[in-house]
Amino acid sequence: MIIEMREFTRVEGNGKAEIVIEDGEVKDVRLQIIEGPRFFELLTLGRHYYDVPDLEARICAICYLSHSVASVLGIERAFGVEVPEEITLLRELGLIGEFLESHALHLYLLVAPDVFGYPDAIRMATKHGELVKEGLALKAFGNRIRVMIGGREIHGINVKPGGFGRYPTVEELEEIERESEALLRLAKRSVRLFAQSDPYGAQAKHFVATDGYLWGEKLISDEEGAFHYTERIEEHSLVYSFAKQSRYKGEAFFVGALPRLLLKSEMLTPTARRLFEEHREKLETGYVSYNNLAQAIELVYSLEKANEIAKTLLDRGIEGENVPVEPREGEGIGYVEAPRGVLIHHYRIDASGKIAYSNIITPTALNHAMIEASLLEEARKLYGEADERAMIGRLEETVRAFDPCISCSVHLVKL
Amino acid sequence: MMDKLKLAVFELTDCGGCALNMLFLYEKLFDLLEFYEITEFHMATSLSEGNHYDVALVTGTVSTQRDLNLLKEARNHSEYLIALGTCATHGSVQASVELPIREKLKAVYGDGGNPMRALDSKPVVEYVAVDFALPGCPYDKEEVYQVLIDIAKGIEPVRKDYPVCLECKLNEYECVLVKKGLPCLGPITYGGCKAVCVRSGLGCIGCRGPLPGEVNPASEYEILKSLGYDDEYIIRKFKTFARWEP
């Protein structure tokens, strides 16, 4: 017998799952990504490098800047371009804007209705209007940062190899400094709210993240030594899904906010670090549902970090100079922490600056096996205990905890 | 108080941005809810209670059989259907890879192919008649707000009929095509985005699709040639967001 879950709601993109029952037991779970393939790697082949980050941004709306930055980092590494601290800080600020926008969307509009028992945030707003407004305030602030750094709320083209089209003004940075401080109170409240939830899903055994908090030169895991993705991560096609599945040394693994906290807590800002320590015991159990709590702690991190970066830039002043980029034959990988986990853009570029090879792996594709494992675990726990509707509701929550971004997960190519 | 109109948002294959952009309306979304009741919007709600919609917004391209079924469902059950965003109106970037679907799938999934059925990505307007087409990757959210308010008030919304250059000039941005020699598609692209890319000092990439009528793509082509861009580059640039035209 197969229990079919209908298409997931309150997630980005189109996906569903099947629960396979044999002899009265849950035998298997298949996560089906039914979003159509979008062929981004093919799209970029033969294109001039300068246009590529704008195209790659369109892989995902919720985290377009992560894609732009990963693309730019891959291109710059292929050409051996080094950018000064000012540009690095501004890119970090953009990624922080994306954390705020994406985490607030996920926590307040997509997950909170589960916590309070509503089908959506709009209906939840009749009774919990303040909370929804707080979420929207955080989200809107994140988006203002994305407009400032990325050029617009969705699919901006301001992030370029070597720098930016336009640099922020002193007034804009002052606003970031002011607002990030004012909103901190809301983020702390969100940590209290999501700290209350019960654990569900599987307990992850392997965690993977980039070696810096927001991006890196390489990946790190719970084992020793930084590594390139090609060394330990393998992808394979599935017969029931447009997304491929990745495994870390043959096993399911987890990328996202929880893995970031567990692997990189020493890089957190002071209040975020204190909150992490306060909830460490819980988080270290590795239950995927604590990803929600981890995202709430990252809201605090993001606001503190945005404040810190704005201060630094205001002290030093903005020069607004781009680094010249000369194409040459090369290969480069951009590793970025998108809000929902590790994002990889890998390019080979020819001497004329055209893309000769491109491979992109998104967080949801990396988490695919872990999502299945969590559904399996949860379905086994609930099958026969809860009625089918309650079971499916909880399974949907289990998927949601990963904050999956299904649109992005469907174009993993090895050419 | 009159009954609220039933509003549906359907997502076919896309980046999620056109659905997300509705949520970015913030308070204005609540203003819209004075006139509309959302009965289908799976990114935002777990409720799905409609079988008749006054207004359906359809985003994304038709890239699978599921997309096509959903589109027909939306068309058959709605009074007023809006193709929303460049995927739905022109196909956008995912439709611009000009290989047959079989070859594309082989490149991605290997010789075994993928047994799931995928279609060559095409815009919504290729399959069904639409009542309004609002392009943009993403569309301008103020524009969709105005369109929905117009419909609620019984006014037929107006389609923009000027190029990006018009809003660029109104904002007094420096012309990046003439002054910086950047490849800017502003002169031949549908306006309505407030020239947002030129605001960043960068060229328009044509994400709202080509403006029909009194525009001169031949002249744009000549200008880009004279700036040193080669044929292949220019043609790809022209077709990136609009391999299909509505």
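Chain letters run A, B, ... following the sequence lines, proteins first, then strands; residues in each count from 1.
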Decide yes or no for [X] and [Y]: does some side-chain heavy atom of the first lie under 4.5 Å from some side-chain heavy atom of the second?
X	Y	value
Leu20(B)	Glu101(A)	yes
Tyr229(B)	His48(A)	no
Lys354(A)	Glu232(B)	yes
Ser121(B)	Arg38(A)	no
Arg123(A)	Thr45(B)	yes

Can you tell which part of Ser92(B) gets under 4.5 Å to a heavy atom of chain A, answering side chain, backbone, both or neither?
-> neither
If one checks every heavy atom of Leu119(B) against chain A at 4.5 Å, the contacting part turns out to be neither
Does any heavy atom of chain B fall under 4.5 Å from the side chain of [X], the backbone, both, or neither of them?
X	result
Lys139(A)	both
Ile154(A)	both
Arg47(A)	both
Asn143(A)	side chain

When Thr9(A), Leu105(A), Val147(A), Leu109(A) are compared by non-hydrogen pairs under 4.5 Å with chain B, the top option = Thr9(A)
Any idea which of Lys133(A), Arg10(A), Lys160(A) has the most non-hydrogen atom pairs under 4.5 angstrom with chain B?
-> Arg10(A)
Roughly how far, to the nearest 0.5 Å, is the [atom2] atom of [Y] from the [atom1] atom of [X]?
X	Y	atom1	atom2	answer
Phe8(A)	His42(B)	CZ	NE2	10.5 Å
Ile38(B)	Ile122(A)	CD1	CD1	4.0 Å
Cys193(B)	Arg152(A)	SG	CZ	6.5 Å

Compare every heavy atom of His155(A) with every heavy atom of Cys15(B), then report the nearest pair and how far apart it is.
->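 Reported closest heavy-atom pair: SG-NE2, 3.2 Å.
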Give the minimum heavy-atom separation between Gly17(B) and Ala61(A), together with the two atoms involved.
->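 For Gly17(B) versus Ala61(A), the nearest heavy atoms are CA-CB, 2.9 Å.
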With chain A as the partner chain, list the residues of residues 196-209 of chain B whose heavy atoms fall under 4.5 Å from it, by residue number, and write 'none' if nothing qualifies.
-> Val196(B), Cys197(B), Arg199(B), Ser200(B), Leu202(B), Gly203(B), Ile205(B), Cys207(B)
Chain A contacts, top residue of Thr61(B), Thr240(B), Asp67(B), Leu182(B) (heavy-atom pairs, under 4.5 Å) |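 Winner by heavy-atom pair count: Thr240(B).
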Proximal to chain B - members of residues 110-119 of chain A, heavy-atom separation under 4.5 Å =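 When heavy atoms of chain B are the reference, residues 110-119 of chain A contributes Leu110(A), Pro119(A) within the under-4.5 Å range.
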Verdict with supporting geometry, Leu136(A) and Phe30(B), side chain to side chain contact (heavy atoms under 4.5 Å, CB included) = CA-CA 12 Å; Leu136(A) 290 178; Phe30(B) 289 91; 4.1 Å; yes
Under 3.5 Å, side chain of Arg236(B) to main-chain N/O of Gly46(A), donor-acceptor pair present?
-> yes
Can you establish whether the number of heavy atoms outside Lys160(B) located under 6.0 Å from its atom NZ is more than 12?
-> yes
